[in-house]
Each structure stands twice: as structure tokens, then as C-alpha cells.
Amino acid sequence: MAKSSQKTELNLIKRLIEQNFLFQAMEESWLSQYLSPSVLKEEKLFSNRPIYTAFRPHEFIDGLYVILDEGLVIARSAPLDRIISITYPGSCFGIRSLPFSFGLAVQGFPSLVEAYKTTHIIKIPVSTIETLYNESELFRQRYHLLFELRQKFQYHLLNCSTYPPQAVASLLRALIYQERELGNQPNAKGIYEFDLPIDVIARACQLNQRTVEQVLKGMQKVGLLTTSKNTDLSADLLSIVDPEGLKEVYSATRDKVSWWPLR
């Protein structure tokens, strides 16, 4: 039983090293000193279930959530129910609600964090994360970058104007920047692929779903992106095939995108 437990522990450490930005390329033997079997327990977060509420006054959470695979985790603001962060496998969430480092200074208004889709995670206690933070310069640099990326994601959302093409392009540029910096994207063909339901786009951009569908149809028509079935806009997988062309839409203002409204 002990050997089996140790093997599971090492397997999870290997998965962290291979799959997660914070632990990528770190030495397995070094990490195993800090990540014990009692710490490394894989959990499943079910879709549309609240996980915690971030930024409650004087309240912190007790661990960092590390996404192993699958999953799409969002944070929603009130009262507009706007999505203000999107976290994919390979990253982490909860850093702004831990009682150390920038978590002590970065505050906001209460925001619900939930798994939009079923997500496999490891929740690592804050004491272990703080020890790794103090012991490893590499870990510390990556931890700081996660804070930076959260801020830059929200910066992109500030550019979500009422002009639908620019609003959707702002979100897509935010995700491209975030996932590129984390090393998760693009794929070997230079394509950015996102599990991105229309409902998530609508909530992030403050648009209705029908408008989002029309924007995606226009972007698909001019060759900026494709869907998983090329013509099925109900599918959740978006492939950005022309990220440079998307920049032009991101920079556009009203009446400057020829394909909107569609004719």
C-alpha cells in the first residue's frame, strides 16, 4: 500500500512538471521534498458548481488550485455577471486570494469562481506554496507572472467596446496573450485553439449570444478563425488561424470592419 501511494505521488509530481506552468521543468527529486502524498490528491470539480468567492473582505482561501487537465474555470463579477477571468489547463487559480505575496495587496470586489466545465485539479495548501515561493527563484518568477497575466487579461477586457467585432476580438486577444505567455499556445501548426463556449464569450464581452454567433460567423467568413466542425457555431472549440489579422479587428472602431454587419 505504501509503495502504491508513493508511486501515485510521483506520478502526480511528474504530471505537474509536464503539464503545469508553475512547476514546468523543475526537478522531481526537489519537488518531492515539499509535495507529500497528503498534499497531492487529485480532485474533480463539477461543471457549473461554485468553488469559492474571491475578494471577500478580510477572507482568504487555504490553497492554490492547480489545473491538471480538462476544465474551464471562470470568475464572474456582480451584479452584471460579467466573466473577468478564464483559466485553462496548464495554469492555476486562486493566487489573488492567498494570504501572502501580492495576495495581501491585490484586492477587488467579491467575485464568484466556478468550474464552467468539469475540471481536474490538485489543491496545494497555502503553506506549501509559500515554502516553494521562498525557496525557489524560478517558482517565484512564475508566480509573479500569473499575477501580471491576470491584470493584463482585465486590461484587454477594458477594450471590449460596444462595437461587437472589437469586443469579441478583445477577448480573443486576451486569451492569445495569456496562453502564449504560459507556453500553452499556439500548437505545432501555429494555431491557437480554445475551448470557448458562446455563452462565455457573451458574458465576458457583455453581448447577447446571437450577436456573438454573428461575429464568429463573420470572422470565420474572412478567415480569422474556424470552429471544430468549420460550420457548426454551436461547437465550443475555436481555432484562431490568423492572429495577426485579428489584431486589425481588435484595433478597429465602429464602421471600420467591412464584414459587419453581415450582408
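FYI, side chains are in, hydrogens and waters are out, and symmetry mates aren't considered; it's all heavy atoms of this structure.
Partner of Asn184 under the side-chain hydrogen bond (donor to acceptor under 3.5 Å, both in side chains) criterion, chosen from Glu193, Gln19, Glu179: Glu179.
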Expected list for residues 125-135: side-chain donor-acceptor pairs under 3.5 angstrom, two or more places apart:
| residue | atom | partner | partner atom | Å |
| --- | --- | --- | --- | --- |
| Thr131 | OG1 | Ser127 | O | 2.9 |
| Tyr133 | OH | Ser101 | OG | 3.1 |
| Tyr133 | OH | His144 | NE2 | 2.8 |
| Asn134 | ND2 | Glu130 | O | 3.1 |

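Within the 6.0 Å centre-distance limit, the rings of Tyr52 and Tyr65 are counted as a close aromatic pair. Checked against the 6.0 Å centroid threshold, Tyr177 and Phe153 do not count as a close aromatic pair.
Side-chain atoms of Gln178 come within 3.5 Å of backbone atoms of Ile86 as a donor-acceptor pair (strictly under, hydrogens ignored).
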Take Leu172 and Leu225 through the side chain to side chain contact (heavy atoms under 4.5 Å, CB included) test and state the conclusion after the steps.
CA-CA 11 Å; Leu172 296 179; Leu225 58 80; 4.2 Å; yes
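Between the side chains of Gln166 and Ser161, a donor-acceptor pair is found at a separation under 3.5 Å.
For Ala202 against Asn208, the heavy-atom pair with the smallest separation is CB-C, 4.2 Å. Among all heavy-atom pairs drawn from Pro243 and Tyr192, the shortest one is CG-CE1, 4.0 Å. Taking every heavy atom of both residues into account, Ala167 and Leu207 meet most closely at CB-CD1, 4.1 Å.
How far CH2 of Trp30 is from CD1 of Ile13: 11.0 Å, rounded to the nearest 0.5 Å. Taking CG of Asn48 as the reference point, atom CD of Glu114 lies at 6.0 Å (rounded to 0.5 Å).
Salt-bridge formation is not detected for the pair Glu18/Lys14: no Lys NZ or Arg NE/NH1/NH2 atom is positioned less than 4.0 Å from an Asp or Glu carboxylate oxygen.
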